[in-house]
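Residue numbering restarts at 1 for every chain, and letters A, B, ... go by the order of the sequence lines. Just so we're clear, the structure is a prediction, and the values are computed from it rather than from any experiment.
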There are 2 protein chains.
Amino acid sequence: MTSMNSLTFDELGSAAQRDRRKRILDATIALASKGGFDAVQMRAVAERADVALGTLYRYFPSKIHLLVSALAREFEQANSNMDRKPVPGDTSADRVIYVLNRNTRALQRDPNLTEALTRAFMFADASVANEIHAVGMHVTRMLMRAMHDPGTPASEIEPTEQDIAVAKVIGDVWLASLVQWVTGRASAADVSKSIDVAVHLLLRD
Amino acid sequence: MTSMNSLTFDELGSAAQRDRRKRILDATIALASKGGFDAVQMRAVAERADVALGTLYRYFPSKIHLLVSALAREFEQANSNMDRKPVPGDTSADRVIYVLNRNTRALQRDPNLTEALTRAFMFADASVANEIHAVGMHVTRMLMRAMHDPGTPASEIEPTEQDIAVAKVIGDVWLASLVQWVTGRASAADVSKSIDVAVHLLLRD
DNA sequence: TCTGCGACTGGAACGTGTTTCGATTGTCCA
DNA sequence: TGGACAATCGAAACACGTTCCAGTCGCAGA
């Protein structure tokens, strides 16, 4: 049933297993941060996490699953950090731009890590649907919170069709820009500009 | 100098070489069409194109270069097909939607091929910049022609900053939608809807 | 026609993602 | 405590992208 999915935190029975999972993701992030996608070698991850190669594959059925799961964990952390304060800005557009730029800068601070995670995300195929979906939810949630009044608890927002459509387009543009930045086809300024343009075109209020 | 780029059609001296290049790209398309990204195996391409493995690598320095070059050739052909007739539709938005839907349907008719080409495009790194750029130009050109009056020769259009920004966003959304379709995260209808939404939000005239 | 040189061939070899499997360890139930 | 069963380990093996090399071919210039 779950044979082709990564083992999630909650599915893991024992503390030792949750710890193994954490060690694996930590090792993944560390290696990615040091040398990007290519440096995340399965043997290296296993060794650094102090786990056998076969075990690594039991927890994450492929390198892509592993990296996308790491991305999901990063987004989750970022989201819960942001939940602590209301988003500054007077308009939807301002707040969305603020949030995206803030996250973009955070990503750009660790280019190797971002390259690794982004490339994995883009290369993922249908078998990674669950992990990808988790990432998508985090992004949508972040944008929804920014689009609505500051201080609104995320759980109480009920987005309109239009909201969702707009968030989807903005998310797409953000991701496409990041991909271009990661692959050296766009500068950091270009990414910022793209977001600005897209948000202002989409959220003229 | 050109050591890390694919050999382009014009760079090739002899007819035999141009023919080799064509055979390689044909073999690539055929294999991709049959089994997608994974089926495009370098040994298989070489064998089918009746070329030694080393020669294949002399023409295209990696599998990604190969597939992105194939994508560029496909777009080039599609573009020159479309140049034969004016784009139907009364408004920019209508014409852009028409063109994108037409191309989307064409891509969806061969899901394996589309999967192979899209994934390669998304996975490409900085070393594939030239090939990627070629693809980008074809897409931009296609959108520019659709945004302006039907019948205008592509060479005579002088796009404004705004035009370019809008085309960029639309291109990003189109690509992101295709990626989602390829990976089973969006249906054909979803792709169509995304394009509709993005174009109507961006080209309200 | 002969010569030299770059292109091409066939095939071996290497690296890394992935699979497999027998031996060992940990855990939980009787 | 003892035993069963799953999880983990250690290590070999496989697949495919990529590199390398020695030999052959084709062709332009002498």
Side-chain angles (χ1 to χ4, degrees), chain A residues 1-8 11-24 27-28 31-32 34-70 116 119-120 123-125 127-128, chain B residues 1-7 11-24 27-28 31-32 35-70 116 119-120 123-125 127-128:
Chain A
M1 172 72 75
T2 59
S3 62
M4 262 352 245
N5 291 322
S6 311
L7 266 28
T8 64
E11 288 166 3
L12 262 20
S14 75
Q17 286 179 316
R18 281 193 288 274
D19 190 59
R20 264 193 204 93
R21 192 188 128 103
K22 178 180 184 314
R23 288 205 311 274
I24 291 173
T28 302
L31 289 169
K34 192 180 302 179
F37 187 86
D38 289 341
V40 181
Q41 302 189 354
M42 299 304 270
R43 290 171 179 77
V45 171
E47 187 175 358
R48 181 161 190 143
D50 203 29
V51 138
L53 190 54
T55 304
L56 171 54
Y57 273 95
R58 237 180 60 79
Y59 279 68
F60 301 96
S62 79
K63 173 169 174 173
I64 301 296
H65 285 81
L66 173 60
L67 281 165
V68 176
S69 298
R119 310 240 339 254
F123 198 61
D125 66 7
S127 73
V128 202
Chain B
M1 172 71 77
T2 59
S3 62
M4 263 351 247
N5 290 321
S6 311
L7 266 30
E11 287 167 4
L12 261 19
S14 76
Q17 286 180 316
R18 282 193 288 274
D19 189 59
R20 264 193 205 93
R21 192 188 128 102
K22 177 179 184 313
R23 287 205 312 274
I24 291 173
T28 302
L31 289 168
F37 187 87
D38 290 340
V40 181
Q41 302 188 354
M42 300 304 269
R43 290 169 179 64
V45 171
E47 187 176 356
R48 181 158 189 145
D50 203 29
V51 140
L53 190 54
T55 304
L56 171 54
Y57 273 94
R58 239 180 58 80
Y59 280 69
F60 301 97
S62 79
K63 175 169 172 171
I64 300 296
H65 285 81
L66 173 60
L67 281 165
V68 177
S69 298
R119 297 198 44 215
F123 198 63
D125 67 6
S127 74
V128 202

With sequence neighbours left out, write down each residue that passes side-chain hydrogen bond (donor to acceptor under 3.5 Å, both in side chains) with [X], or none if nothing qualifies.
| X | answer |
| --- | --- |
| B:Thr55 | none |
| A:Arg48 | none |
| A:Asp50 | none |
| A:Lys22 | A:Asp26 |

Q. Just how far, in rounded Å, is P of D:dG10 from CG of A:Leu56?
A. 14 Å
Q | Spacing of CG belonging to B:Leu7 relative to CZ belonging to B:Arg58, to within rounding of 0.5 Å | A | 6.0 Å
**Q.** Euclidean distance, A:Phe60 CZ relative to A:Leu67 CG, rounded to 0.5 Å
**A.**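 Between atom CG of A:Leu67 and atom CZ of A:Phe60 there are 10.0 Å.
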Q) Heavy atom of residues 44-51 of chain A under 4.0 Å from DNA chain D: which residues? A)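 Contacts with DNA chain D under 4.0 Å: A:Asp50, A:Val51.
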Q | Test salt bridge (charged side-chain N to carboxylate O under 4.0 Å, His left out) applied to B:Arg43 - qualifying residues, sequence neighbours left out | A | none
(Q) Among residues at least two apart in sequence or on other chains, which ones pass salt bridge (charged side-chain N to carboxylate O under 4.0 Å, His left out) with B:Asp19? (A)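 Partners of B:Asp19 by the salt bridge (charged side-chain N to carboxylate O under 4.0 Å, His left out) criterion, ordered by chain and then number, come out as B:Arg23.
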(Q) If you compare every side-chain N and O of A:Gln17 against the phosphate oxygens of D:dT8 (OP1, OP2), does one of them come in below 4.0 Å? (A)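 So the side chain of A:Gln17 is within the cut-off, an N or O lying under 4.0 Å from OP1 or OP2 of D:dT8.
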**Q.** Protein proximity profile, nucleotides 16-27 of chain D - base contact B, sugar-phosphate-only contact S, no contact -, cut-off 4.0 Å on heavy atoms
**A.** BBBB--------
Q: For A:Phe123, enumerate each residue passing the ring pair (Phe, Tyr, Trp, His ring centres under 6.0 Å) test, keeping only those at least two apart in sequence or located in another chain.
A: B:Phe37, B:Phe123
Q) With sequence neighbours left out, what residues match B:Ala39 under side chain to side chain contact (heavy atoms under 4.5 Å, CB included)? A) none
(Q) Could you tell me the boundaries of the chain B footprint on DNA chain C, defined by atoms under 4.0 Å from its heavy atoms? (A)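 The contacted stretch runs from C:dA7 to C:dA13.
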